[in-house]
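I have placed the structure first, in the form of structure tokens, so that the comments after it can refer back to it.
Just so it is clear, the model here is predicted, and its values are computed rather than measured. Residue numbers start from 1 in every chain, and the chains themselves are labelled A, B, ... in the order their sequence lines are given, proteins ahead of strands.
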Protein chains: 2
Amino acid sequence: MGINIRKQHVLEAIVESHIATAEPVSSRSIARKYRLGVSSATIRNEMSDLEELGLIEQPHTSAGRIPSQSGYRYYVDRLMKNSSLTTQEKKIISSIFAQKAKAINNIIQRTIKTVTHLTDYLVLLSWPQLENAALKKIKVLPLTPDQSLMVIMTETGWVESKVIDLPSGMTPDSLERIENVLNTHFQGLTFPQISRTILHSVYDELLKQRKLLDRIMGIVEAVLQENADEGIFLGGAYNILKQPEYSDIAAVRNLMSFIEEESILRSILQKTNPTEVTVKIGKEINYDPAAKYSVVSAVYSIGGNVVGSIGLLGPMRMDYARAIAIIEYITGTLSETLSKDVLY
Amino acid sequence: MGINIRKQHVLEAIVESHIATAEPVSSRSIARKYRLGVSSATIRNEMSDLEELGLIEQPHTSAGRIPSQSGYRYYVDRLMKNSSLTTQEKKIISSIFAQKAKAINNIIQRTIKTVTHLTDYLVLLSWPQLENAALKKIKVLPLTPDQSLMVIMTETGWVESKVIDLPSGMTPDSLERIENVLNTHFQGLTFPQISRTILHSVYDELLKQRKLLDRIMGIVEAVLQENADEGIFLGGAYNILKQPEYSDIAAVRNLMSFIEEESILRSILQKTNPTEVTVKIGKEINYDPAAKYSVVSAVYSIGGNVVGSIGLLGPMRMDYARAIAIIEYITGTLSETLSKDVLY
DNA sequence: ACTTAGCACTCCTGTCATATGAGTGCTAAG
DNA sequence: CTTAGCACTCATATGACAGGAGTGCTAAGT
């Protein structure tokens, strides 16, 4: 029993109808709405075969069929037609990036908000992570007699700065010396590579400035920690409640239980393929509480370096074609903008 | 018909029982659980009076009573006994601030998380706002030949820094000149006070550095915008779903519809009284969709300057005594810590 | 005058039986 | 191979009904 053209048409009809209505799809409704030129009885036979193949399933005997996880997978891989955004939608997205104030923070926030309005799904956005970025330079800049600004720059163009209080009796000279030592030891390394050993050798070399060094190390640690703990934004939690599958409180609780856990969202996004839009369906997400969801995601980059990703999380029944179109367009435009002229 | 002692006891019993169980409270259950020394019939008479006074109400004829908004208000103002945290809870809170890495961001995040675990309510935290802070200094520090770091410091100790690309042919001298002009014009002003007029006079004075100035103004604008748009954090959305009132999807939708709107949360917190813990009950919040909620909030400060506030949003039926104790303790400790030795 | 036992009354909630209708699977004829 | 026809299944809606919680009122007790 192969999957002939007609079976494909039937499967396609089932998937698309179910995506549109959230209801099980009956043979009769397919015969009516999709002109396949056969009667409902024939479609019933095909459906019976599709069920045996595991592509669709029946919630109960006297209900229509809904696509199974593999049904969606088959649809996404082989049946789905590309969708593209309307010019108006593209305009809306462009307007995110057209604004004058181009602080990265701002762009990210507006990106989330816009995508949120464009879909009824949950928008996940992972923030540029320092973790994989190599350090380019550390600067300790004098601000006032007793305060300095420590600036940490990475190869990807990321800049983090923190104010530190200086111990009394600190000369500009010794500050410069510290700066030099730090740069010599840390340059080119990623944060996780700055090991205890390296820290110790720095300590040895700057034994006299122990006190200040402690503060600086505290900051490095803090920056590290911040960038390990943060970096996921989320929008559209309200949106997703519009979907009929969340008219039941248990589903909402289940959803809420994991969207507040940043580490989980991060791990979901981390599986994004860096070269193309990734679609994870149901158990493919590999996280039990999300087994009834799907994620469409893609990475974005600054000057060729992947810095984060954007994903849409929705019910398995999500409109994949549209989600893919949106994600594709937004990551493209975002990468382009970030690579051009962003203020950090 | 005055509110005699016994009526107060009955009201107190009703409020506390309803807070504990979320169920309407019957005369009989009061007679049983609270030793008032009278029968349920007597309590019924008192309840009838309390209802006429508008302090309690009846969901339907054959149900018990629940406190009305004014009932809660009366309870909070006159009947409620102060609650205090256990030493263990205080320890948990202290541990937020005990950690070495004291980046403000980090402290804020951990504060939210901790309070989230301590209660079943939604935690709102407003981030230090630049809006009311006077500018102390603007610095433009050379980083690389074609990049500078612009640092904006406020009187409250807040520091914001951004990298800007320099137009070619920029000398350290002209940078310094710009810095001086900016400081002369902006120092001591709050962001909203930097008006078009002032901006124009700066433009006039620095006509030659038009290009760079445009960028700098872009940044000032961006910082302004960021700090108008951001600054609310939220935690515990999942928590609040544990409350029995949210076993109904409509209530959840209602809640979600406004907790995603930062401007609304901000306006809710903005009503916080700067000198004491504020309790807003139901319609007192003055925002229709939140008419069934209550908010307990207080401000926190850095060195005496109010910089933000923390609030707990829960059903009207929330445990006010506990909420107040938590908010009081956390804002106190937070202010203290932030005023001491925080890295920005 | 206040308290309280007793009882009628209200109204919510859960259960059960029944009817309805959508949808399938199968059979037999085209 | 297709399809009309029909029996069968099962979710859902409806209404009747009982049970129970709680009140309000009355009348008797203190």
Taking only distance into account, with no hydrogens and no angle test, what donor-acceptor pairs under 3.5 Å do side-chain atoms of residues 9-19 of chain B form with protein atoms, sequence neighbours excluded?
residue, atom, partner, partner atom, Å
Glu12(B), OE2, Lys81(B), NZ, 2.5
Glu16(B), OE2, Tyr75(B), OH, 2.9
His18(B), ND1, Glu23(B), O, 2.8

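- Judged by distance alone, with hydrogens and angles left aside, the side-chain atoms of Glu260(B) form no donor-acceptor pair with the main-chain N or O of Ser257(B) at under 3.5 Å.
- Here Arg317(A) pairs with Glu245(A) in a salt bridge; the nearest charged N to carboxylate O distance falls below 4.0 Å.
- Among residues two or more places apart in sequence or in another chain, the side-chain hydrogen bond (donor to acceptor under 3.5 Å, both in side chains) test is passed with Tyr320(A) by Ser294(A).
- Partners of Tyr34(B) by ring-ring contact (aromatic ring centres under 6.0 Å, His included), not counting sequence neighbours: none found.
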Between the protein and nucleotides 24-26 of chain D, are there any N/O to N/O pairs under 3.5 Å, and if so, what are the atom names and distances?
residue, atom, partner, partner atom, Å
dG24(D), OP1, Arg65(B), NH2, 3.1
dG24(D), OP2, Arg65(B), NH2, 3.4
dG24(D), N7, Arg44(B), NE, 3.0
dG24(D), O6, Arg44(B), NH2, 3.3

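- Remark: Val25(A), Ser26(A), Ser27(A) in residues 16-33 of chain A come within less than 4.0 Å of DNA chain C through at least one heavy atom.
- OP1 or OP2 of dT4(C) sits under 4.0 Å from a side-chain N or O of Thr42(B).
- For dC11(C), neither phosphate oxygen OP1 nor OP2 lies less than 4.0 angstrom from any side-chain nitrogen or oxygen of Ser62(B).
- Across Ala251(B) and Tyr293(B), no two heavy atoms sit closer than the pair O-OH, 3.8 Å.
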Dot-bracket for DNA chain C, 5' to 3', Watson-Crick and G-U pairs with both distances under 3.5 Å, [ ] for crossing pairs, | for partner on another strand, reads ||||||||||||||||||||||||||||||

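- OP1 or OP2 of dT2(D) has at least one side-chain nitrogen or oxygen of Arg6(A) nearer than 4.0 Å.
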